[in-house]
Amino acid sequence: MSEDIYEITREPINKLGLEQRLLTGGAGAIVTFDGVVRDNTKGRRVVTLQYEAYAPMAVKEMRRVGEEIHQRWPEVERIGVIHRFGELKISESSVVIVVTSPHRRVAFEACHYAIDRLKQTVPIWKKEIFEDGEEWVEGQRPS
Amino acid sequence: MSEDIYEITREPINKLGLEQRLLTGGAGAIVTFDGVVRDNTKGRRVVTLQYEAYAPMAVKEMRRVGEEIHQRWPEVERIGVIHRFGELKISESSVVIVVTSPHRRVAFEACHYAIDRLKQTVPIWKKEIFEDGEEWVEGQRPS
Amino acid sequence: MSDNAVNITVLLFGACREAAGTGELRCTLSSPATAADAWSALKQRIPALAQFERTALVAVNEEHAGLAHPVQDGDTVAIFPPVSGG
Amino acid sequence: MSDNAVNITVLLFGACREAAGTGELRCTLSSPATAADAWSALKQRIPALAQFERTALVAVNEEHAGLAHPVQDGDTVAIFPPVSGG
């Protein structure tokens, strides 16, 4: 699966470019998850989000999630994951995940699985900057 | 839900533009389904796909699917559906569906539901042009 | 045009359009008329459409409809195979 | 440097980095050493990290690891809160 893409970047994510890099003639469905900065958390106004990454390990873990997906859904054609770090404004994309496959169901399932797993295993942390303070978002300790 | 988008077009679909038109500060997840022309059907080489639409009714039915979604998943922020018609080449997009919501699970479920329903109720037909012949794709008669 | 004449526009799509060699025609039925009557008149005029009798769907004025759906003067009746978009 | 010295690089991320006031430091343990030994040494040096003892995760050479995981000379040990990317 050497044509899959796993990247960490400080720059804005080129979503359309990622999709185009992954597109093959055998693909009939492209499902894309785009995580964007929401303007509030439980009603509290968010100003920016700061993302910090353990970059080399994050790329390894993203690749591992991709390997799990290819094993579990052999029909999947390509997977692309780009996670951004640094300071992000409202509506900017923090992570984009693209999955292509011949048919749609597998692409939906695999893409949803990818973001769920990424949030469990990929070493990236975010801090919410509110108008009146800041707070690290608490992740779940794996059980 | 007057900010939702439902369109039928002969032109290539502007996917990124659609997403941008739908993006609001309350969105934290954008899930996009992009149906593209596959280079084969059960191994038989496809040259192009011809899409025919009953355009005014198709837009009505797309809007109806959107209404069902807002009822079923009230958390959904925006829905956008653009279906193309005319002659499409391999890897061109025939339909793009975008769903935004504060959190990801609802966006995945609603987007998947949208394409499943669209394929049941929206009056659009496609014909596969093979190297050695052509064939209308048979839809399922609703039960 | 008699009092009980129901003039309708018939639209055909997909394989139905192709078999008929046209996508649009006018048709006159007697009142009261249903979608089934429109189908009957159409088959008489275009025998090639008979092959779709068991599978085709009907819409009256851009809404999915059953064969018993009433059809009134000025209505648009569309006849087409099960949809296959996406 | 004695024969049984285990020199490691410690990386800290997120709230751990912030509490420690640094993201990277060197540490020397005695062989044989585990991730738990790295944690002990670290807490002694930076008491502010003790608050993370029950929640923090450990990676050795960019792989998630348990506290019993052996640590060897030249290894990189990362300590961080549960991940919260996405």
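Below, chains carry the letters A, B, ... as their sequence lines are ordered, and counting in each starts from 1.
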J.: Any side-chain heavy atom of Pro82(D) sitting closer than 4.5 Å to one from Gln140(A)?
T.: no
J.: Using heavy-atom distances under 4.5 Å, tell me whether Ala58(A) contacts chain D through its side chain, its backbone, both, or neither.
T.: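 Ala58(A) has no heavy atom closer than 4.5 Å to chain D.
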J.: So, the side chain of Ser84(D) versus the backbone of Val137(A): is there a donor-acceptor pair under 3.5 Å, distance only?
T.: yes
J.: Treating His83(A) as the side-chain partner and Gly85(D) as the backbone partner, does any N or O pair qualify as donor plus acceptor under 3.5 Å?
T.: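 Not at all, since once roles are kept as given, no pair shorter than 3.5 Å links the two residues.
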J.: Between Asn61(D), Leu57(D), Leu11(D), who has the most heavy-atom pairs with chain A when the cutoff is under 4.5 Å?
T.: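 That would be Leu57(D).
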J.: To the nearest 0.5 Å, what is the distance between CD (Glu63(D)) and CE (Met57(A))?
T.: 7.0 Å
J.: Just wondering, are more than 12 heavy atoms of other shown residues or ligands nearer than 6.0 Å to CD in Glu138(A)?
T.: no
J.: Once you round to the nearest 0.5 Å, how far does CD of Glu52(A) lie from CD of Glu18(D)?
T.: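 Those atoms lie 8.0 Å apart.
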J.: Would you say Arg45(A) has more than 12 foreign heavy atoms packed within less than 6.0 Å of its CZ?
T.: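 Count not over threshold, so no.
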J.: Which pair of heavy atoms, one from Val83(D) and one from Thr121(A), lies closest together, and at what distance?
T.: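 Scanning both residues, the minimum pair turns out to be CG2-N, 3.9 Å.
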J.: Measuring from Leu12(D):CG to Tyr54(A):OH, what's the distance to the nearest 0.5 Å?
T.: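 Going from CG on Leu12(D) over to OH on Tyr54(A), the span is 11.0 Å.
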J.: Mark yes or no for whether Arg141(A), through its side chain, and Thr55(D), through its backbone, hold a donor-acceptor pair below 3.5 Å.
T.: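 Yes: the side chain of Arg141(A) pairs with the backbone of Thr55(D).
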J.: Using a 3.5 Å distance criterion without hydrogens, assess whether the side chain of Tyr51(A) forms a donor-acceptor pair with backbone atoms of Gly86(D).
T.: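 Yes, the answer is positive, given that a donor and an acceptor are paired below the 3.5 Å cut-off.
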J.: Using heavy-atom distances under 4.5 Å, tell me whether Arg64(A) contacts chain D through its side chain, its backbone, both, or neither.
T.: side chain
J.: Can you list the steps and then say if Trp125(A) with Arg17(D) is a side chain to side chain contact (heavy atoms under 4.5 Å, CB included)?
T.: CA-CA 11 Å; Trp125(A) 302 269; Arg17(D) 175 191 54 71; over 6 Å; no
J.: Do His64(D) and Glu61(A) come within less than 4.5 Å of each other through their side chains, counting heavy atoms only?
T.: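 Heavy-atom side-chain distance check passes, below 4.5 Å.
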J.: Is Arg117(A) atom CZ crowded by more than 12 heavy atoms from other residues, nucleotides or ligands, each under 6.0 Å away?
T.: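 Yes - once you tally the heavy atoms of other residues, nucleotides and ligands closer than 6.0 Å, there are more than 12.
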J.: Relative to chain D, which segment of Lys60(A) carries a heavy atom at a distance below 4.5 Å: side chain, backbone, both, or neither?
T.: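 Only the side chain of Lys60(A) comes within 4.5 Å of chain D.
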